[in-house]
Number of protein chains: 2
Amino acid sequence: MEIPFNDIKQKFQGCGLKTTPQRTAIYDALLRSTTHPTAEELFAEVAPQFPMMSLNTVYYTLGALRTSGLIHEVNIGHTRARFDANLSPHHHLICLGCQSIVDVIDPRLNRLTSPAGIPKDFEITSYQVAFRGLCGSCRRHTGRSINHSSPGLHPTTVKGGLHGKSS
Amino acid sequence: MEIPFNDIKQKFQGCGLKTTPQRTAIYDALLRSTTHPTAEELFAEVAPQFPMMSLNTVYYTLGALRTSGLIHEVNIGHTRARFDANLSPHHHLICLGCQSIVDVIDPRLNRLTSPAGIPKDFEITSYQVAFRGLCGSCRRHTGRSINHSSPGLHPTTVKGGLHGKSS
DNA sequence: TTGTTAAATAGTAATTATTCCTAAACAGGA
DNA sequence: TCCTGTTTAGGAATAATTACTATTTAACAA
Ligand SMILES: [Mn+2]
Ligand SMILES: [Mn+2]
Ligand SMILES: [Zn+2]
Ligand SMILES: [Zn+2]
């Protein structure tokens with residue numbers, strides 16, 4: 001277990017959240033995960049430790065953590081919510097084949113700003129880049145055809161390098 | 001009506017889709033829309049012309065158009081799918097208050113490319129930037145507090161200008 | 001023009017993810 | 001230890017979407 005219990009406890013206290021075993025286990029599982037799991041995947045992860053636990057508790061807990069700002073919700077498609085305990089600014093790479101989401105950490109992407117032509121009274125508080133495509137194994141298995149039926153895909157071909165000072 | 005019927009018909013033919021009145025109306029409504037409507041919003045839009053139409057037909061039609069690559073699905077949150085007939089590369093500005101989505105068209109954003117540190121066998125086919133915040137009227141009505149319970153929000157503060165040659 | 005046929009439509013039922021409701025359990029402070 | 005509001009668990013309810021199926025129809029060919 002890499003995440004000290006007291007760290008978690010302090011974060012909960014800082015948000016006015018009670019430190020229950022279920023909540024701790026759920027948050028800990030999410031902190032250790034890199035897959036942006038769904039509520040049900042987290043449930044499957046912690047259920048063995050808590051045979052009485054309800055899936056409802058996972059939803060309730062994720063809602064509480066999200067409201068407190070301890071976790072984020074990441075959406076790929078509209079089918080189900082996926083969660084992320086990584087609060088540092090980062091972006092995502094989404095495989096249209098296996099629906100996997102991996103973190104994209106490139107400081108250059110954190111320098112984008114208010115684009116041209118938006119309403120001047122709109123206050124942007126965050127942004128996130130979603131890169132889509134096919135991972136290696138999905139390319140091998142399903143061929144390299146682009147799945148046009150996947151949600152959110154815009155036909156921008158990506159090539160060349162990022163612009164701006166490469167910090 | 002700004003979109004000629006024959007243009008639509010040809011697009012359908014080019015995709016092997018039959019040109020039915022319902023399908024034409026749905027696609028036409030989406031082409032004219034700038035709000036990225038849901039299936040139900042489109043249904044409400046075209047239902048008056050087709051009192052017998054089923055919501056199911058709207059879903060079926062949107063699925064067919066999406067599979068053919070004539071439209072895209074845009075997701076903000078996981079609650080419901082929203083659609084976009086604008087195929088030109090563009091990005092989105094999402095209000096966390098009223099859930100509105102407006103197009104962001106800034107050529108500089110179309111030059112981003114393969115970020116550092118991703119698996120080298122991953123083939124990126126597209127990307128999209130989602131800017132989030134509060135629109136003017138939502139700022140006025142609900143105050144300017146950031147809604148942490150909203151999905152997908154990462155705490156990147158956006159300020160300064162875009163990098164790269166400003167084409 | 002007419003007939004043929006696969007695709008599209010409409011109506012209904014089913015599914016899935018998520019939320020709502022409520023009573024019991026419990027964490028944290030007095 | 002006791003209190004009290006929060007959390008949990010279980011079940012029911014909701015909402016979006018998909019599945020099933022009979023009927024209709026667009027597109028094509030004769
Ligand atoms: Mn992430
Ligand atoms: Mn758009
Ligand atoms: Zn994959
Ligand atoms: Zn708004």
Side-chain angles (χ1 to χ4, degrees), chain A residues 5-6 8-27 36-44 46-47 49-68 70 73-83 99 149-152, chain B residues 5-6 8-27 36-44 46-47 49-68 70 73-83 99 149-152:
Chain A
F5 172 74
N6 279 338
I8 291 180
K9 180 158 197 174
Q10 284 192 355
K11 281 201 226 180
F12 286 171
Q13 284 177 337
C15 297
L17 294 173
K18 292 190 176 178
T19 307
T20 69
Q22 294 93 331
R23 177 170 291 169
T24 305
I26 291 165
Y27 182 51
H36 309 84
T38 64
E40 252 189 295
E41 286 164 346
L42 283 167
F43 178 63
V46 299
Q49 303 168 242
F50 301 92
M52 289 290 105
M53 184 188 268
S54 155
L55 174 58
N56 199 352
T57 299
V58 179
Y59 277 108
Y60 178 91
T61 300
L62 291 170
L65 296 176
R66 185 187 53 195
T67 302
S68 301
L70 289 179
E73 210 173 296
V74 181
N75 295 301
I76 115 176
H78 62 278
T79 39
R80 50 231 282 227
R82 298 178 63 165
F83 298 89
Q99 312 280 88
S149 70
S150 293
Chain B
F5 172 74
N6 280 337
I8 291 180
K9 180 158 196 175
Q10 283 192 356
K11 281 200 226 178
F12 287 172
Q13 284 178 337
C15 297
L17 294 173
K18 292 188 178 177
T19 306
T20 69
Q22 293 93 332
R23 177 171 291 169
T24 305
I26 291 165
Y27 183 51
H36 308 85
T38 63
E40 254 190 292
E41 285 164 346
L42 284 168
F43 178 62
V46 298
Q49 302 168 243
F50 301 93
M52 289 289 104
M53 182 187 267
S54 155
L55 174 58
N56 199 351
T57 298
V58 179
Y59 277 108
Y60 178 90
T61 299
L62 291 170
L65 296 176
R66 185 187 55 196
T67 301
S68 301
L70 289 180
E73 210 173 295
V74 181
N75 297 113
I76 113 176
H78 62 279
T79 39
R80 53 230 280 225
R82 298 177 65 166
F83 298 89
Q99 312 280 86
S149 69
S150 293

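Order of the sequence lines sets the chain letters (A, B, ...), proteins ahead of strands, with each chain counted from 1.
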Can you tell me if A/H78 touches the phosphate of D/dA16, counting only side-chain N or O atoms and a distance under 4.0 Å to OP1 or OP2? no
Does B/T79 have a side-chain nitrogen or oxygen under 4.0 Å from the phosphate oxygens OP1 or OP2 of C/dT18? no
In terms of side-chain heavy atoms of [X], which of [options] is nearest?
X     : options                : answer
B/Y60 : D/dT8, C/dT9, C/dA27   : C/dT9
A/Y59 : D/dT17, C/dT18, C/dA8  : C/dT18
B/S54 : C/dG11, D/dA9, D/dT17  : C/dG11
A/L17 : D/dT18, D/dT7, C/dA8   : D/dT7
A/E40 : C/dT9, C/dA17, C/dA10  : C/dA17
B/N56 : C/dG28, D/dA19, C/dC20 : D/dA19
A/T57 : D/dA27, C/dT9, D/dT8   : D/dT8
A/M53 : D/dA9, D/dA26, D/dT8   : D/dA9

Pairwise side-chain contact, [X] with [Y], heavy-atom cut-off 4.5 Å (strictly under):
X     : Y     : answer
A/M53 : A/V58 : yes
B/I76 : B/H36 : no
A/Q22 : A/V46 : no
B/T57 : B/F43 : no

For [X] and [N], give me the distance from atom [atom1] to atom [atom2], rounded to whole Å.
X     : N      : atom1 : atom2 : value
A/L42 : D/dT8  : CG    : C1'   : 17 Å
A/L55 : D/dA9  : CG    : P     : 11 Å
A/Q22 : C/dC26 : CD    : P     : 9 Å
A/E41 : C/dT16 : CD    : P     : 16 Å
B/R23 : C/dA6  : CZ    : C1'   : 12 Å
B/F43 : D/dT17 : CZ    : P     : 14 Å
A/E73 : C/dA17 : CD    : P     : 14 Å
A/F12 : D/dT8  : CZ    : P     : 9 Å

5'-most contact on DNA chain D (nearest-nucleotide basis), B/T38 vs B/T19, goes to B/T38
Let me know which of A/T20, A/I26, A/T19 forms a side chain to side chain contact (heavy atoms under 4.5 Å, CB included) with A/R23. A/T20
May I ask you to say what B/A64 touches in the nucleic acid, namely base, sugar-phosphate or nothing, with a heavy-atom cut-off under 4.0 Å? nothing
